[in-house]
Visitor: 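Provided herewith is a single structure, encoded as structure tokens, for subsequent inquiry.
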Amino acid sequence: MISPARSWREFPQRYRLEAAKCAGCGKVLYPPRVKCPACAGTAFETIVLPREGKVVTFTVVRVPPAGFTEQSPLPIALVELADGVRVMVQIGDVADPAELEIGMPVRLEFRRISWDGEAGLIFYGHKAVIAR
Amino acid sequence: MQVGIVGYGAFIPRRRIKLEEIAKVWGADAPSYRKGLQLNEKSVPGADEDTVTMSVEATRNALARAGGIDPAQIGALYIGSESHPYAVKPSGTIVAEAIGATPAIHIADFEFACKAGTESMFVAQALVKAGEVSYAVGIGADTSQGAPGDALEYSAAAGAASFIFGSDRERFVAEVVDTYSWTTDTPDFWRREYMHYPRHGSRFTGEPAYFRTTTSSAKGMMEKAGLEPKDFAHAIFHQPNGKFPMRVGTMLGFTKEQLATGWLSPWLGNTYSGASPIGFTAVLDIAKPGDLVLLTSFGSGAGSDSFVFRVSDRIEMVRDRAPRTRPQLDEHQIYIDYGTYAKLRGKIRMAE
């Protein structure tokens with residue numbers, strides 16, 4: 001399970017979809033990194049990612065790990081956002097995984113991602129939901 | 001200083017359970033429940049939805065309608081709910097962090113049964129009126145629970161409404177004309193510490209609690225503001241089921257037409273702290289500039305907050321900047337069976 005300190009450090013990217021845009025080459029990194037993998041630059045501008053996108057590809061996890069078991073079957077997708085940035089997210093509100101298709105328009109919504117049992121922390125972030 | 005709503009938003013989960021699906025599990029007579037409570041179905045939160053997630057989405061919708069407000073200018077944020085995800089750790093901090101309103105902000109979580117939502121609105125608008133903050137957010141949200149087989153299980157639902165109050169008139173979608181509260185100690189509904197489900201006083205929740213408190217609050221409000229039922233285009237009352245709000249509205253002299261737009265409970269259920277505030281968002285979705293609107297909540301224990309709003313011209317420009325309330329209720333529902341409902345609502349005892 002994620003520690004309180006680590007979850008706290010990740011709030012800007014998980015809660016507000018803040019990404020790092022490399023000042024040198026313009027590559028957008030999500031989650032942010034300390035060094036740009038494209039140009040090795042270390043100066044970044046904080047940008048907020050758009051919440052609209054489309055499914056590039058997806059899979060359905062039938063036996064999720066601890067912390068996610070109540071959400072089985074758990075669809076996970078690679079989503080390309082409106083600005084071209086790709087993010088890996090769960091897909092929420094799926095009545096039947098058979099309805100999922102590559103290319104589907106989705107919107108990111110604030111959801112519970114996982115939780116540490118009944119007594120531990122609840123970890124929030126964004127899930128994709130089908131945009132209708 | 002004049003104060004008004006500069007942005008509003010609602011969020012309703014997509015899952016629904018029909019009254020018949022609950023009734024068949026408990027051997028109850030569905031037609032008599034449907035007739036007696038005037039309920040058809042109710043919203044159910046997914047495993048990944050709670051008071052915090054719904055509050056974030058409702059507030060993002062409110063910010064979209066407010067148009068151009070920097071969240072850092074929000075000086076106060078209050079969430080009224082009886083289903084805060086943590087017993088100790090505020091919901092408001094998570095919501096404020098998610099919308100980018102931290103750290104220069106005052107935050108509190110309110111609780112007053114079903115009245116906590118209007119309570120947060122009441123305090124938020126008062127702080128703006130006093131000139132203490134530029135903008136303040138009042139949220140009503142709940143993922144309420146009814147004990148299995150109890151009458152409450154047919155109504156306890158989930159949803160959220162969020163309102164951003166400000167004093168810049170050009171941004172008003174509705175001006176706060178006046179407010180009034182009416183409160184007594186009336187033990188009609190309660191939940192003790194560590195208890196999973198609430199208990200209630202059955203029929204005592206009706207006349208001495210809901211009806212006495214709601215009518216006293218609405219009458220007191222109209223008397224204070226010098227208004228009568230005929231002066232209002234719309235009125236919204238707390239909606240513990242489908243029957244009570246229509247009955248209390250007509251008792252007070254409102255017509256069914258004045259009550260219809262904000263009357264969501266037959267399809268939504270009782271969203272507790274979100275109930276009358278979500279009804280109010282449905283009214284703002286269709287109201288005309290100049291319309292007077294009465295909003296009267298009710299919270300067991302017992303109290304009622306009343307507000308008179310006057311809808312402003314800007315409403316026409318901003319209402320489609322975020323999803324309207326009625327389509328969230330009427331479209332793209334996911335219907336679930338009782339087994340799924342029991343799992344999602346934590347009614348199944350899991351291995352420890």
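Every chain is numbered from 1, with letters handed out A, B, ... down the list of sequences. It should be emphasised that the depicted structure is a prediction, and the values quoted were computed from it without experimental measurement.
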Visitor: Looking at every heavy atom in both A:G92 and B:D48, which two are closest together, and how far apart are they?
Guide: CA-OD2, 4.2 Å
Visitor: So, are A:R112 and B:E49 salt-bridged, with charged N and O less than 4.0 Å apart?
Guide: no
Visitor: Can you tell which part of B:E57 gets under 4.5 Å to a heavy atom of chain A, answering side chain, backbone, both or neither?
Guide: side chain
Visitor: Mind ranking B:K343, B:E331, B:R60 by heavy-atom pairs under 4.5 Å with chain A and telling me who comes out on top?
Guide: B:R60
Visitor: Can you tell me which portion of A:E109 sits under 4.5 Å from chain B's heavy atoms? Options are side chain, backbone, both or neither.
Guide: both
Visitor: Identify which part of A:R14 has an atom lying under 4.5 Å from any heavy atom of chain B, answering side chain, backbone, both or neither.
Guide: neither
Visitor: Using side chain to side chain contact (heavy atoms under 4.5 Å, CB included), reason through B:R15 and A:D93 one step at a time and then give a plain yes or no.
Guide: CA-CA 8 Å; B:R15 287 173 183 79; A:D93 288 353; 2.8 Å; yes
Visitor: If you tally heavy-atom pairs under 4.5 Å against chain B, which of A:E18, A:E70, A:R51 wins?
Guide: A:R51
Visitor: Less than 4.5 Å to any heavy atom of chain A: does that hold for the side chain of B:Y86, its backbone, both, or neither?
Guide: side chain
Visitor: Nearest 0.5 Å, please: how far is CZ in A:R16 from OG1 in B:T102?
Guide: 5.5 Å
Visitor: Are more than 12 heavy atoms, taken from residues, nucleotides or ligands other than A:W8, located less than 6.0 Å from that residue's CH2 atom?
Guide: no
Visitor: Is it the side chain or the backbone of B:I94 that comes within 4.5 Å of chain A heavy atoms, both, or neither?
Guide: both
Visitor: Mind checking which of residues 114-132 of chain A sit less than 4.5 Å from chain B, heavy atom to heavy atom?
Guide: A:W115, A:G120, A:L121, A:I122, A:Y124, A:H126, A:K127, A:V129, A:R132
Visitor: Taking everything shown except A:K35 itself, do over 12 heavy atoms lie less than 6.0 Å from its NZ?
Guide: no
Visitor: For A:K21, I'd like to know if atom NZ has over 12 heavy atoms of other residues, nucleotides or ligands within 6.0 Å.
Guide: no
